[in-house]
Q: 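Handing you a structure now.
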Amino acid sequence: MEDFFNLDNLKEKYDLVIIGAGPAGLTAAIYAGRDLLNTLVLEKNFPGGQVSSTEFIENYPGFPKGITGSELGNLFCEQAVRFGVQIKYGQCKKLEVKNNYKYIYIENDRLIKAKAVIIAGGSQPKHLGVPGEEKFYGRGVSFCATCDGAFYKNKTVAVVGGGDAAIQEGTYLTRFAERVYIIHRRDALRASKGLQEKAFKNNKITFIWNSVVKEIAGENKVEQLTLYDKVKDKQSNLDVDGVFIYIGRFAETEAYKDLLELDDEGFINADESTKTNIEGIYAAGDIRVRKSNINQIVTATADGAVSAKLAENYIDDFSEITVKK
Ligand code: NAP
């Protein structure tokens, strides 16, 4: 792979610019590169996206023995680069459209022009911001039960949150864990009634109400949570092997808010077609509104393929609009 941080050979014009080098962006890049589109992928952290920081992945097809997140991220990159795609460090600060061309403003006042853009910046889970949360990430702290639940067979885990995600994933975790504590900051759940009923009937789930996590502690991995009961004004400790945090997600879409339609939470309004309200701009993966709320590597890669094929059709028919003076 070309030096990720060397921007000397960054061109000023591409057929397609993909923002975000996670599974959605890199799949779009593989399709676009293979279809001979002059393609740039911009990434503001490290290529591979969230996948690269996932310890081990057992549910991505084609890897029967599982694969580490960093290996899978590297393979995605290798495959895109093989088809001539450039992957470069850069953060989109602003996106504009003039005469049908898309202008991507990045660091140091650099400007890149493209016929089409795929936004695949992903979404991030909200963090609690308590001591131990970052330290034990991947060692007992998780934001994905589908990814990590199977590691907790016959163990004790906690889930933080009271929304659909916390209750659905808490219930899912009872397949593996012997005991699942759901810690919620109020005395009533936000989750839908159907999910609540299922969880209340599940004898592997214990609810801890009106409580917040103050600290996540352990030696080399998570061993204990410090909880604070807001009603009783009392602190206590809870021994657990893992903690799953489900207190909502956010998408970094500040750069697009003047151009694209976003929902109340800041996710880009686009359906399965990945088309946004602007022709030639697509939103793929977790950054778009997804009614199912199932955000997995496979759902992101599927979006990547769809967006690249539609972008390719758009680029084939591309014509510049000349504005009369
Ligand atoms: P959510 O609905 O925003 O719920 C977040 C939960 O976390 C709330 O219970 C909230 O408490 C709690 N919370 C927020 N910040 C916290 C903090 N700092 N400390 C402790 N608790 C905190 O988020 P979500 O569950 O991720 O769901 C997001 C969207 O996806 C929702 O629209 C949901 O309906 C949808 N979804 C649907 C399904 C499904 O239908 N099967 C599955 C997953 C998600 P409060 O209640 O006190 O605010």
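Because the structure is a prediction, the values reported are computed rather than measured. Just so you know, ligand 1 is whichever comes first in the structure, and atom 1 is the first atom listed for that ligand.
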Q: Does the side chain of D286 come within less than 4.5 Å of R249's, by heavy atoms?
A: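 They are in contact (side-chain heavy atoms under 4.5 Å apart), so the answer is yes.
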
Q: Look at atom 6 (C) of ligand 1 and say whether a protein heavy atom is found at less than 4.0 angstrom from it.
A: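 It does; a protein heavy atom is within 4.0 Å.
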
Q: Any non-hydrogen side-chain atom of I19 less than 4.5 Å from a side-chain atom of V117?
A: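 Answer yes - side chains close enough.
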
Q: Give the single entry among H184, R185, E265, K126 that approaches atom 14 (C) of ligand 1 most closely by any heavy atom.
A: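 Checking each option, the heavy atom nearest atom 14 (C) of ligand 1 is found in R185.
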
Q: Should you measure from each heavy atom of A165, which atoms of ligand 1 turn up under 4.0 Å away?
A: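 Heavy-atom distances to A165 below 4.0 Å select 24 (P), 25 (O), 26 (O), 43 (C), 44 (C).
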
Q: Is there a donor-acceptor pair under 3.5 Å between the side chain of K93 and the backbone N or O of I106?
A: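 Judged by distance alone, no pair lies under 3.5 Å.
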
Q: Any idea which atoms of ligand 1 are less than 4.0 Å away from a heavy-atom of R186?
A: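 Taking each heavy atom of R186 in turn, ligand 1 has 45 (P), 46 (O), 47 (O) under 4.0 Å.
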
Q: Among all the protein's heavy atoms, is there at least one whose distance to atom 32 (O) of ligand 1 comes out below 4.0 Å?
A: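 Flag for atom 32 (O) of ligand 1 set to false, no protein heavy atom closer than 4.0 Å.
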
Q: Heavy atoms, side chains only, cut-off 4.5 Å: are Y89 and F46 in contact?
A: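 When only atoms from C-beta onward are counted, F46 and Y89 do not touch, as no gap falls below 4.5 Å.
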
Q: Would you kindly say whether E96 and Y105 are connected by a side-chain donor-acceptor distance under 3.5 Å?
A: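 Side chains of E96 and Y105: pair found under 3.5 Å.
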
Q: Does atom 28 (C) of ligand 1 have any protein heavy atom closer than 4.0 Å?
A: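 Under 4.0 Å from atom 28 (C) of ligand 1, zero protein heavy atoms found.
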
Q: Distance only, no hydrogens: is a donor on one side chain within 3.5 Å (strictly under) of an acceptor on the other, for N295 and R290?
A: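 Result is yes, a qualifying pair exists.
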
Q: Have a look at ligand 1 and work out which part of V212, if any, has a heavy atom under 4.0 Å from it: side chain, backbone, both or neither.
A: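 Neither; nothing of V212 gets under 4.0 Å from ligand 1.
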
Q: Is there at least one pair of N or O atoms, one from G162 and one from ligand 1, spaced under 3.5 Å apart?
A: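 For ligand 1, there is an N or O atom that lies under 3.5 Å from one belonging to G162.
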
Q: I want to know if ligand 1 touches G163 in the polar sense, i.e. an N/O pair below 3.5 angstrom.
A: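 Yes, G163 has an N/O under 3.5 Å of an N/O on ligand 1.
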
